[in-house]
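Accompanying notes for the structure given below.
Chain identifiers are assigned alphabetically (A, B, ...) following the order of the sequence lines, protein sequences preceding nucleic acid strands; residue numbering begins at 1 within each chain.
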Amino acid sequence: MGVYGMSRYNFLEVEPKWRDAWEKGASFSASEDAGREKYYVLEMFPYPSGRIHMGHVRNYTLGDVVARYKKARGYNVLHPMGWDAFGLPAENAAMENNVHPAKWTRENIASMRDQLKTLGLSLDWAREIATCEPEYYKHEQKMFLDFLEAGLAYRKESWVNWDPVDQTVLANEQVIDGKGWRTGAVVEKRQLSQWFFKITEYAEDLLKALEELERWPNKVRLMQHNWIGRSEGARVRFKITGRDDELEVFTTRPDTLFGMSFCAIAANHPLAEELGRTNPELASFIAECNQMGTSEEAIEKAEKKGFDTGLTIEHPFIKDRVFKIYVANFVLMEYGTGAIFGCPAHDQRDLDFARKYELDVVPVVLPKGEDPKSFTIADDAYTGEGALFNSEFLDGLGVEAGISAVIERLEKLGSGNGTISYRLRDWGVSRQRYWGCPIPIVYCDDCGAVPVPAHELPVQLPEDIDFEAPGNPLDRHPSWKHVACPSCGKPGTRETDTFDTFVESSWYFARFCDANNDHQAFSRSSVDYWLPVDQYIGGIEHAVLHLLYSRFFNRALSQCGYMDLAEPFAGLFTQGMVCHETYRSDEGAWLFPNQVNRSDDGALSHVDTGAPVKIGRSEKMSKSRKNVVDPVDIVNGYGADTARIFMLSDSPPDRDLEWTESGVEGAWRFVNRLWRSIVDVDESAPIAALNSARPTSLSEAGTSIERLIHKSIAGVTDDLEKFHFNRAIARIRELTNSIFEVSGTDAEAAWLRRFGLETIIRLLNPMAPHLTEELWERLGHGDMLVATDWPSADESLVVEETVTVAVQVNGKLRAKINLPRDADSTTAEQTALADENVHRAIGEKEPRRIIVVPNRIVNVVI
RNA sequence: GCCCCUGUGGCGGAAUUGGUAGACGCGACGGAUUCAAAAUCCGUUUUCCUUACGGAAGUGCGAGUUCGAGUCUCGCUGGGGGCACCA
């Protein structure tokens with residue numbers, strides 16, 4: 001008991017008590033049960049950096065609410081947790097602190113697990129996995145072998161983004177503004193032999209299936225749609241003048257073929273490279289293009305440049321006309337065929353290029369209402385609809401009809417065909433790093449790249465490695481890579497590249513179904529039962545890569561017989577970021593929130609020096625800006641449940657959340673008000689005994705409270721189904737306020753208090769599990785709330801008997817009247833017109849029309 | 001440049017999807033309690049006019065549809081995000 005007889009929620013005692021009880025009771029252990037409907041809740045697993053942050057707390061709290069709610073609804077819930085444990089930070093730590101990546105990672109896992117456990121999450125820890133352990137990655141190596149056999153994995157020479165600091169290859173998507181996403185180093189282009197997964201094999205299906213993912217945010221579906229980037233068009237093969245070979249281009253506008261005035265190829269197009277070998281000027285132009293990198297910023301700032309190769313091509317339809325081939329800095333080798341034809345009149349970029357090099361601009365699409373004799377192109381290319389002209393056999397056709405006609409003609413002549421092109425490229429998975437899953441391949445001078453036989457798996461990482469030099473420790477290890485060729489027995493060398501860590505996270509959702517299976521990744525029956533994930537929750541930053549790769553793996557694994565599933569994640573929820581105000585000293589140095597004092601008048605000063613502090617806008621919590629609040633401090637200071645309630649209270653979960661100290665205080669006040677109402681029962685406000693019967697009749701006021709309780713059950717249930725957790729909390733607080741207002745010591749009041757408080761506790765349980773278990777027990781219950789069913793509302797009490805109906809005159813609110821529910825129009829009209837205010841508003845005039853919407857509104861039009 | 005989302009009190013946000021705008025919380029102000037403070041409790045809190053009853057305006061701005069618009073349509077404007085010489 002505290003001062004003045006008030007007790008406080010003692011989370012230091014209560015929270016561990018219930019976590020122990022849940023563990024002892026194996027409350028969250030999941031097992032397959034064909035007789036029960038399953039529900040698989042998954043949050044994106046964390047990288048084991050060593051400390052949890054507020055983003056984790058938010059993510060896992062959201063998932064936990066879903067998991068606990070679904071469990072109470074009777075589902076057989078699977079809610080697992082693991083560690084995305086391979087990755088570069090472990091190697092960086094190894095270099096900086098001379099600690100082995102495995103040791104560093106395992107210690108981080110241990111401390112993060114402890115921190116996570118204090119949040120009281122309903123996780124089945126028996127299924128915990130860490131992707132860096134051979135027990136996990138050996139199955140991944142087997143999948144790779146199966147992908148190879150199915151033609152879904154292959155090796156090719158390819159241009160890669162080379163990060164000179166990490167000495168590793170980056171995916172296109174990991175290059176941001178020409179710089180490595182982790183190191184910020186300027187990325188170079190290099191050619192390396194790389195392993196690829198054939199994600200493009202499924203491009204069409206990955207695109208089409210997006211339509212079926214109804215429980216995914218539209219935003220994410222749209223992003224994937226754009227990423228896959230399907231475009232219909234044609235490939236056109238031009239004969240190169242005086243040579244035997246052809247130049248193949250891709251175009252989405254074959255209808256404009258008669259408006260062509262040049263061709264352009266990418267700097268690393270095979271033809272450009274060939275010509276560059278004998279032409280030093282061209283070679284230096286190519287070098288210039290390569291230097292530009294794939295950086296969009298560099299490309300944008302650079303002007304459109306071309307280099308005349310001296311070669312020309314012949315037009316398939318126009319006799320005796322040839323067009324120059326340029327090497328151009330704006331043509332990308334990775335898209336289409338790495339070559340284009342330019343039609344300046346109908347493409348802005350081509351027009352700019354044509355003006356620069358004084359090439360013809362021939363319009364071939366005539367906008368409606370223009371005269372073909374006078375229509376010319378000035379500074380703006382015309383990209384709209386119209387009738388084709390200047391185009392021989394196409395004249396008069398529309399754009400779409402023109403496209404089909406050209407394709408038909410090209411196919412007849414054998415100089416082209418209709419085709420579909422995708423922006424999506426195959427997934428390069430080779431990384432020149434130590435701390436990743438080894439790629440199970442042995443290179444042999446005679447046999448080439450030979451897969452390691454399945455029975456020899458896993459290929460394990462060697463423990464004795466050094467990080468003295470940059471680059472890959474596996475490559476310079478004295479003995480590890482030297483092995484006999486599995487095929488012929490001669491000396492060979494292992495592949496020293498390891499997998500991109502996105503590979504591990506592409507199938508972990510399935511491993512959780514059968515996490516302790518030693519001889520296979522997962523049994524068929526386990527994934528048949530548990531998959532797909534019913535609700536996946538994580539950050540929007542994974543909208544494209546992780547989610548697309550997982551969808552690919554799902555298809556590849558199904559093709560290889562591991563499972564039979566259309567999509568891995570039936571429902572997806574993307575949460576917003578956790579933000580906080582930023583603080584800086586006068587000198588501009590960032591300050592942590594706990595270094596800042598706020599005086600009564602709101603002025604900010606430094607805790608130690610008293611110097612004034614400037615307040616900045618709220619931004620995503622990040623170490624660099626120091627605007628971070630450590631979840632451990634919050635859990636130690638207020639308890640996990642207060643943190644959870646605050647996390648869920650104010651902001652809808654898909655929006656950014658502003659972390660405020662006063663908001664946490666507000667949640668803390670609510671927790672204690674509820675606590676005291678049950679623990680410090682005032683004799684003026686008694687609570688009825690456990691299992692007291694409802695009084696046979698209730699007063700009018702009592703009935704309305706009883707109705708409110710049932711309405712709250714229905715409302716909160718609906719909110720939780722729709723992820724409106726902030727509204728659910730608001731409803732619970734509303735009900736709490738009303739129950740606290742119940743006065744009297746009679747049986748009715750006591751019964752209403754018990755029914756109300758028990759309902760509040762049960763509704764709040766998914767959000768504040770420790771607090772509510774304790775209060776449930778203090779209310780006299782012997783069973784645990786975690787094993788109690790979700791309350792159900794009496795539908796007959798959810799709908800009110802009398803309703804308040806608004807009365808408008810000419811659309812303006814003039815009065816509110818009470819009517820029996822579903823009163824007929826005549827009654828509503830008459831009651832409305834009888835109202836004094838309504839009467840005054842109408843005055844002398846005659847109502848022209850009266851609109852009655854039952855139970856809602858009466859609008860008198862005069 | 002293209003595409004998507006978004007704009008509601010001092011602040012975070014509600015609003016049964018076209019039917020009573022501002023639930024719930026934060027902050028602020030006033031009061032009770034206290035020697036005082038913290039904690040707690042009770043009020044008030046969109047703006048303007050009015051002593052009051054009540055009235056007027058109000059969901060970024062401007063139009064429109066409708067008996068009725070925060071919600072639908074069009075235009076403008078601010079903010080956020082995605083994609084990008086993608087042929």
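OP1 or OP2 of A57(B) lies within a sub-4.0 Å distance of a side-chain N or O belonging to Lys812(A). Between Arg669(A) and A38(B) there is no side-chain N or O to OP1 or OP2 distance below 4.0 Å. Taking 4.0 angstrom as the limit, Asn726(A) places none of its side-chain polar atoms (N or O) nearer than this to OP1 or OP2 of A23(B). Side-chain nitrogen and oxygen atoms of Asn218(A) include none within less than 4.0 Å of the OP1 or OP2 phosphate oxygen of C5(B). One finds no side-chain N or O of Arg655(A) lying less than 4.0 angstrom from the OP1 or OP2 phosphate oxygen of G79(B).
Of the candidate nucleotides C24(B), C67(B), G55(B), C67(B) has the atom lying nearest to any side-chain atom of Ile851(A). When the nucleotides G19(B), G13(B), C26(B) are ranked by their closest atom to the side chain of Ser662(A), C26(B) comes out on top. Ranking C86(B), C83(B), G19(B) by closeness to the Trp227(A) side chain, first place goes to C83(B). Taking the side chain of Arg349(A) as heavy atoms from C-beta on, and the options G54(B), C24(B), C85(B), the nearest nucleotide is C85(B). Considering only side-chain atoms of Asp650(A), the nucleotide from U20(B), G19(B), G25(B) that sits closest is G25(B). Distances were taken from every side-chain heavy atom of Asn859(A) (C-beta onward) to each of C67(B), A87(B), C26(B); the shortest belongs to C67(B). When distances run from any side-chain atom of Arg856(A) to the nucleotides G19(B), A87(B), G27(B), the shortest one goes to G19(B). You'll find that the side chain of Val861(A) is closest to C67(B), out of C67(B), C41(B), G19(B). Nearest to the side chain of Leu332(A), among C85(B), G13(B), G55(B), sits C85(B). With G55(B), A23(B), A87(B) as the candidates, the nucleotide lying closest to the side chain of Ala730(A) is A23(B).
The gap from the P atom of U6(B) to that of G10(B) amounts to 23 Å, rounded to the nearest Å. The same atom, C1', is picked in C26(B) and in G19(B); the two are 30 Å apart, to the nearest Å. For the C1' atom pair drawn from G13(B) and A32(B), the interatomic distance equals 31 Å after rounding to whole Å. For the P atom pair drawn from U20(B) and A69(B), the interatomic distance equals 12 Å after rounding to whole Å. Taking atom C1' in both G12(B) and G7(B), one finds a spacing of 15 Å when rounded to whole Å. When the C1' atom is used for both A52(B) and G64(B), the distance is 41 Å, rounded to whole Å. For the P atom pair drawn from U59(B) and C72(B), the interatomic distance equals 15 Å after rounding to whole Å. Between G30(B) and C76(B), the distance separating the two P atoms is 48 Å to the nearest Å.
Contacts of Val860(A) with the nucleic acid, taken as non-hydrogen atoms under 4.0 Å apart, are absent. Using a 4.0 Å heavy-atom distance criterion, Glu658(A) is classed as making no nucleic acid contact. The residue Lys219(A) sits apart from the nucleic acid: no heavy atom pair falls under 4.0 Å. No contact: Ser649(A) has no heavy atom under 4.0 Å from any strand. Residue-level contact check: Gly666(A) touches the backbone only, with heavy atoms under 4.0 Å from sugar-phosphate atoms and none from bases. Across all strands, Arg731(A) comes closer than 4.0 Å to no nucleic acid atom at all (heavy-atom distances). Within 4.0 Å (heavy atoms only), Arg221(A) reaches no atom of the nucleic acid at all. Heavy atoms of Asn737(A) sit under 4.0 angstrom from primed sugar atoms or phosphate atoms, though from no base atom. Thr804(A) comes within 4.0 angstrom of a nucleotide base, judged by non-hydrogen atoms across all strands.
Using N1 to N3 plus N6-O4 or O6-N4 for Watson-Crick, or N1-O2 and O6-N3 for G-U wobble, each under 3.5 Å, G68(B) pairs with nothing. In a base pair of the Watson-Crick type (N1 to N3 plus N6-O4 or O6-N4) or a G-U wobble (N1-O2 and O6-N3), with each distance short of 3.5 Å, G62(B) is matched with C74(B). Both distances falling under 3.5 Å, in either a Watson-Crick or a G-U wobble arrangement, place C41(B) opposite G31(B). In this structure, C83(B) forms a base pair with G1(B), meeting either the Watson-Crick or the G-U wobble geometry with both donor-acceptor distances under 3.5 Å. When both pairing distances are held under 3.5 Å, C24(B) makes a Watson-Crick or G-U pair with G12(B). Pairing for U46(B) goes to A57(B), judged as Watson-Crick or G-U wobble with the two contacts each under 3.5 Å.
Contact check on Asp347(A) versus Arg253(A) returns no salt bridge, with no Lys/Arg side-chain nitrogen under 4.0 Å from an Asp/Glu carboxylate oxygen. The residues Lys722(A) and Asp718(A) are annotated as salt-bridged, a charged nitrogen and a carboxylate oxygen being separated by less than 4.0 angstrom. The pair Arg821(A)-Glu801(A) fails the salt-bridge criterion, with no side-chain N (NZ, NE, NH1 or NH2) lying under 4.0 Å from an Asp/Glu carboxylate O.
In this structure, CG on Asp650(A) lies 12.0 Å from CD1 on Ile645(A), to the nearest 0.5 angstrom. Atom CZ of residue Phe258(A) and atom SG of residue Cys343(A) lie 11.5 Å apart, to the nearest 0.5 angstrom.
Remark: aromatic rings of Trp659(A) and Phe646(A) are close, center separation under 6.0 Å. Under the 6.0 Å cut-off for aromatic ring centres, Tyr357(A) and Phe262(A) do not qualify, their centroids lying 6.0 Å or more apart.
In this entry the distance linking CG of Asp654(A) with P of C4(B) reads 19 Å, nearest Å. Between Gln808(A) atom CD and A69(B) atom P there is a gap of 8 Å when expressed in whole angstrom units. Remark: P of C2(B) and CD of Gln348(A) are 12 Å apart, rounded to the nearest angstrom. For the pair Asn837(A) CG and C53(B) P, the computed distance is 12 Å after rounding to whole Å. Here G82(B) presents its P atom at 17 Å from CG of Leu548(A), a figure rounded to the nearest Å. When the P atom of G22(B) is taken as reference, atom CG of Leu813(A) falls 10 Å away, rounded to whole Å. Atom pair Glu661(A):CD and G27(B):P shows a separation of 11 Å (rounding to whole Å applied). The separation between Arg425(A) atom CZ and C83(B) atom P is 13 Å, rounded to whole Å.
Ring pair Trp427(A)/Tyr549(A) is parallel by interplanar angle, where below 30° counts as parallel and above 60° as perpendicular.
Between Val544(A) and Pro652(A), the residue anchored closer to the 5' end of RNA chain B is Pro652(A), taking for each the nucleotide with the nearest heavy atom. When each of Thr252(A) and Asp656(A) is assigned the nucleotide of RNA chain B bearing its nearest heavy atom, the one mapping closer to the 5' terminus is Asp656(A).
Counted by atom type alone, Arg625(A) and Ser622(A) present one or more donor-acceptor pairs between their side chains at under 3.5 Å. For the residue pair Asn818(A)/Thr804(A), the side-chain donor-acceptor check at 3.5 Å is satisfied.
G9(B) takes the syn form, because its glycosidic angle lies no more than 90° either side of 0. Taking 90° from 0 as the syn/anti boundary, the base of U59(B) is oriented anti.
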